[in-house]
Amino acid sequence: MLSSELNAIKHSKRSKITILFLFITIIVGEAFSWYGNYYLFWDYARYKHMALSYKNIYHPTITTFLAGNTSGQFLQIIIIWLLPMYLLLISTHRLVDQSQAESNYVTLSRFSKINRYLETSQLTQFIVFMSLFLILFGFDFLLAELLFHNGQFFMDLENSIKYSHLLGLELQHPNLTYLIYSVIVSAAFALFAVVVQVLVLTLKRPILIYPISLGIWFFMVAMPASSTYFIQPFIEYDWGTYLSSLISYLLICSIIIIGGNFWLKLRGKYVYFS
């Protein structure tokens, strides 16, 4: 199923355009950051005959999409707040299209084992999207390293480590921090892709899938333990805030996936035996 899903994405114009948009957004964000910090600083330094120093250039990890700390990362909002839309457009939209014909679920219930289908298809969704976001974040890091090579400036975040032990560790090991966050966030986004797939199979109505998936996502972003607290490194929140945010996110996603799968299995048995 993994190869067939990758092949479907490869031959889907909508999927390819969405993925291309994500990469272009990353490139544009880094370009804005480079212009706002690197180019303008060096130009100003030459004009004022100041000593040039890499201590005034952003550290590469600070400019990345995940960090969201620089002027170019206003585009981070476009991706994070509308994440369900991209998940649907890249992969799950095919299930939405099939749902309009009301054929996908009945066919699957009658001609395959529903348990195996749910497990395999959801694992496939998880692997596909985790791989995609790992590649996206890896590409972003390489681009930042190229544009801000040898940069050492952390936007004076060092002054805030007295409020956050977690921030202190992140600033001591910025590259390792970025790697860890990339893996965790990629897995979290992939988990929500599974949530979206469960919603598609459960609701079966395109008019409901988009607003409900966006509504759930907006709720997790806007709730007191906002999901953005575990998505974004190099912020002043400490371990308690980070863990409560991550646990809340995992709990909500797990409830939806487990509850949705339970309902799909019940409905599958009814359709199969009727």
Checking the side chain of T64 only, and the main-chain atoms of T61 only, is there a donor and an acceptor separated by less than 3.5 Å?
yes

Of F230, Y242, Y229, the one forming a ring pair (Phe, Tyr, Trp, His ring centres under 6.0 Å) with Y237 is Y229

Grouping ILVMFWY residues whenever side-chain heavy atoms fall under 4.5 Å, the cluster of L251 otherwise contains I255

Verify the neighbour count for atom CZ of F218: are there more than 12 heavy atoms of other residues, nucleotides or ligands below 6.0 Å? yes

Note to self: So does F234 get a backbone contact from the side chain of E170, meaning a donor-acceptor N/O pair under 3.5 Å?
What the structure shows: yes

CG (L123) and CD (Q125) are apart, to the nearest 0.5 Å, by 10.5 Å

Exercise for the section: Please determine, by modelled atom types, if E236 and S160 share a side-chain donor-acceptor pair under 3.5 angstrom. Expected result: yes

**Asked** Tell me, do I19 and I9 make a side-chain contact under 4.5 Å, heavy atoms counted?
**Response** yes

Separation between OG (S245) and CD1 (I231), nearest 0.5 Å, reads 7.5 Å

What one should report as the nearest heavy-atom pair of F192 and M220 is CE1-CE, 3.4 Å

Assigning hydrophobic clusters by single linkage (Ile, Leu, Val, Met, Phe, Trp, Tyr; side-chain heavy-atom cutoff under 4.5 Å), is L6 placed with L89? no

Does F21 belong to the same Ile/Leu/Val/Met/Phe/Trp/Tyr cluster as L83, with side-chain heavy atoms less than 4.5 Å apart forming each link?
yes

query = Would the number of heavy atoms belonging to other residues, nucleotides or ligands and lying under 6.0 Å from CZ of F23 be above 12?
reply = yes

| query | Does any N or O in the side chain of Y178 come within less than 3.5 Å of the main-chain N or O of F137, such that one atom is a donor and the other an acceptor? | reply | yes

d(Y58 OH, S33 OG) to nearest 0.5 Å is 7.5 Å

task = Report the C-alpha distance between S91 and V128 in whole Å, list the side-chain angles of each, state the deciding distance to 0.1 Å, and finish with yes or no for side-chain contact (heavy atoms from CB on, under 4.5 Å).
result = CA-CA 9 Å; S91 175; V128 166; 5.6 Å; no

Problem set entry | V195 side chain reached by L87 side chain, heavy atoms, under 4.5 Å | no

Closest non-hydrogen contact found for T177 with L169 is OG1-O, 4.3 Å

**Q.** Common cluster, F139/L146, ILVMFWY with side-chain heavy-atom separation under 4.5 Å
**A.** no

Hey, quick one: are I24 and L136 part of the same hydrophobic cluster, counting side-chain heavy atoms closer than 4.5 Å, chains of contacts allowed?
yes

Between L264 and L201 the two heavy atoms that sit nearest each other are CD2-O, 3.6 Å

request  = Keeping the roles fixed (side chain from S164, backbone from I161), state whether a donor-acceptor pair exists under 3.5 Å.
outcome  = no

Looking only at heavy atoms, the pair that brings I212 and L203 closest together is CD1-CD1, 3.7 Å

Residue pair N175 / H59, side-chain heavy-atom distance below 4.5 Å
yes

The reported gap from CE in M85 to CH2 in W217 (rounded to nearest 0.5 angstrom) is 14.0 Å

The reported gap from CD1 in I80 to OG1 in T228 (rounded to nearest 0.5 angstrom) is 7.5 Å

Next item on the list: Apply side-chain contact (heavy atoms from CB on, under 4.5 Å) to M130 and V183, showing your working.
Entry: CA-CA 8 Å; M130 183 167 182; V183 173; 4.0 Å; yes

Review point. Is the closest side-chain heavy-atom distance between N150 and I57 below 4.5 Å?
Key: no

query: Is any side-chain heavy atom of I90 closer than 4.5 Å to a side-chain heavy atom of F129?
result: yes

- prompt: Looking only at atom types and distance, does a side-chain atom of S182 sit under 3.5 Å from a main-chain N or O of L134, one as donor and one as acceptor?
  reply: no

Close side-chain approach of L199 to I216, heavy-atom, < 4.5 Å
yes

Please report the C-alpha distance between T63 and L147 in whole Å, then the side-chain angles of each, then the deciding distance to 0.1 Å, and finally whether the side-chain contact (heavy atoms from CB on, under 4.5 Å) criterion is met. CA-CA 10 Å; T63 71; L147 295 175; over 6 Å; no

field: Co-membership, hydrophobic cluster, residues I256 and I258, 4.5 Å side-chain
entry: no

After noting the C-alpha distance and the side-chain angles of I252 and F219, does the key distance pass the side-chain contact (heavy atoms from CB on, under 4.5 Å) rule?
CA-CA 10 Å; I252 293 172; F219 171 76; 3.8 Å; yes

Rounded to the nearest 0.5 angstrom, the OH-CD distance for Y117 and Q122 is 8.5 Å

Quick check: does any side chain N or O of Q232 sit under 3.5 Å from a backbone N or O of L66, one acting as donor and the other as acceptor?
no

Taking every heavy atom of L82 against every heavy atom of I78, the minimum-distance pair comes out as CB-O, 3.4 Å

Closest non-hydrogen atoms of A225 and S244, given as atom of the first, atom of the second and distance, are CB-O, 3.9 Å

